[in-house]
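By convention in this document, chain letters (A, B, ...) are assigned in the order of the sequence lines, proteins followed by strands, and residues within each chain are numbered from 1.
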Amino acid sequence: MLRVSALNAGYGSLQVLWDVHLEVGCGELVALVGPNGAGKTTLLRVVMGLLPAWSGRVEFQGTLLSAMSTPAIVERGVTCVPEGRRLFAGLTVEENLRLGAFAPAARRLVEQSLQEVYHLFPVLARRRRQLAGTLSGGEQQMLAIGRALMSRPRLLLLDEPSLGLAPHVVRHMFAIIESLRQGGRSLLLVEQNVRRALEIADRAYVLESGRVVLAGPAAAIRDHPHVVQTYIGRQG
Amino acid sequence: MNLARLLVEATVNGLLLGGSLALLALGLNLIFGVVRIVHLAYGDVLMVAMYLVYWLVAVLRWPWPLAALATVAASSLLSALVFAVLVRPLLRAPALNQLLATGALSVVLQHLALLVWGADYRTLSIRFPVVQVGGLFLPVSRLVAFAGALGVLAVLWLFLHRTYVGMALRAAVQDHEAARLMGIVPQRLYLASFLLAGAVIGVVALFFSLMYPVFPDFGVPFTLYAFVIVVLGGLGNLAGTVVGALILSEVLAVVGVLVGAELSASAALVMFILVLLVRPGGVFGRVAEGR
């Protein structure tokens, strides 16, 4: 579904991603883990067309994304829940959601999508007229995910959805993420919470200093000595 | 006492002017907030639109409704033209270059007006009566302008809150990149905000033509006033813009009565500097995000 091959990218003269290869299959949940500054967010930005690739290819269902603008990529069925949520804080919950369905095809189904998101996150329905900036951290993350779902994406990129959330909210968030796979939707999950991410993922990539150092089934990555030592730690 | 009545009259007049100033500042708020460009020729587009009103109504003797429609349409087109010809090529240019370009346009428009219409003050020779309300003398022209401004503000509010383009404009003011992630094409919003601001300028030109004569550098202080109001009220903050406009117009009106009209603009700007020193984020303190 998504195929990233031989990707090099960066900011200015600083190269961040080095020859990155990555694939997400149909209906798959793929985790992308690694330390801060490894280039995870940069990779998502390149996929979304927010940052140009220096070389290499990004393909989605056979079409080349690397030459397309961000709005065109969204229309193709790829959406991103950005790092830090990036909600429109001065707009209401429902306005944020409606904006998620801005693309013409999504807009035709906006009322249906709205009901689906409210069904998935009932708390958003209760707060629909509230300003997004007044929500709690967990609610804001739900709104960010709900807003992304409004475009009815076939591939959803999630950048650090558990960041800054209270532990019991994190558990809930991972349950939600697992449920997003329904209907053959593919997910690429960038996470700092490596252990939980590897629990729910099918496959995983470990990105360090802009290079993929490990790739494989999530269970194998979870037990890999390097990952255990660096990210998960000893535990009972 | 006489001074007391003068003060009350000035306060009411300030309030009445505030409606039009709020409209004017809202147009600039859109351009400044969505396109992130300092449009120094903003007031000069207003000046051109006012000459157009004068020309259509006083010279060509068009009926008012037709002249009003033509003015709003032409002003909107002129604003879009400024975007297409001058601003679009400079979107990625350094801020200083953008500033110089719109500043240069301001001078060009003023001199074109001088060339076409001369330096004389031009007024519509319509005399509006002055009505007496509870001992206050209020010019009907200002009452008409105020009521009209309130109506257009309401329409604008509905547009910004009830349509997709309006919502997208408000979203883009807050976070450009997130707006792109929603599938919003920024370039189209830029054009939309210039078109909309141009239409608003056209409406304000109609109201101002009832109150003021027009001359080539008429628009200069209004560019400044509009920026002051936007900063006072906060980027993307509609209610704040209205309040900011009222504050500014009250200071203009009251100082005009107490000290003299010559100093009222200076007083307004001194007030603005003081506000910035105390509250750098504007009165309502909602600073736009850093991108």
- Assess whether side-chain contact (heavy atoms from CB on, under 4.5 Å) is satisfied between B:Glu177 and A:Arg45, documenting all intermediate values. CA-CA 10 Å; B:Glu177 196 172 277; A:Arg45 289 175 59 85; 2.7 Å; yes
- Nearest-0.5 Å distance that lies between atom OG1 in A:Thr79 and atom CG in B:Leu181: 8.5 Å
- Message: I need the contact set between residues 49-62 of chain A and chain B: heavy-atom distance under 4.5 Å, sorted by residue number.
- Response: A:Gly49, A:Leu50
- Are there residues of residues 101-121 of chain A that reach to under 4.5 Å of chain B by heavy atoms, and which ones? A:Ala101, A:Phe102, A:Ala103, A:Arg107, A:Val110
- Query: Using non-hydrogen atoms and a limit below 4.5 Å, what part of residues 142-161 of chain A faces chain B?
  - Reply: A:Arg147
- Query: Of the backbone (N, CA, C, O) and the side chain (C-beta and beyond), which part of A:Glu75 lies under 4.5 Å from a heavy atom of chain B, both, or neither?
  - Reply: neither
- Query: Which one of A:Val74, A:Ile73, A:Thr70 satisfies the side-chain contact (heavy atoms from CB on, under 4.5 Å) criterion with B:Arg180?
  - Reply: A:Thr70
- Evaluate whether atom CZ of A:Arg185 has more than 12 neighbouring non-hydrogen atoms of other residues, nucleotides or ligands under 6.0 angstrom away. yes
- Item | For chain A, which residues of residues 148-156 of chain B have heavy atoms nearer than 4.5 angstrom | none
- Counting only heavy atoms not in A:Arg128, do more than 12 fall under 6.0 Å of its CZ? yes
- Task: Go through the steps for A:Phe88 and B:Met167 under the test side-chain contact (heavy atoms from CB on, under 4.5 Å), then give the verdict.
- Result: CA-CA 10 Å; A:Phe88 304 113; B:Met167 273 199 300; over 6 Å; no
- Task: Taking atom CZ of A:Arg181 as the centre, report whether more than 12 heavy atoms of other residues, nucleotides or ligands fall under 6.0 Å from it.
- Result: yes
- Query: Closest heavy-atom contact between B:Ala171 and A:Leu99?
  - Reply: CB-CD1, 3.4 Å
- Query: At their closest point, which heavy atom of A:Pro71 faces which heavy atom of B:Gly183, and how far apart are they?
  - Reply: CB-O, 3.5 Å
- Task: Taking all non-hydrogen atoms of both residues into account, name the closest pair between B:Arg170 and A:Leu91 and its distance.
- Result: NH2-CG, 3.7 Å
- Side-chain donor/acceptor of B:Gln174 to backbone N/O of A:Ala89, under 3.5 Å: yes
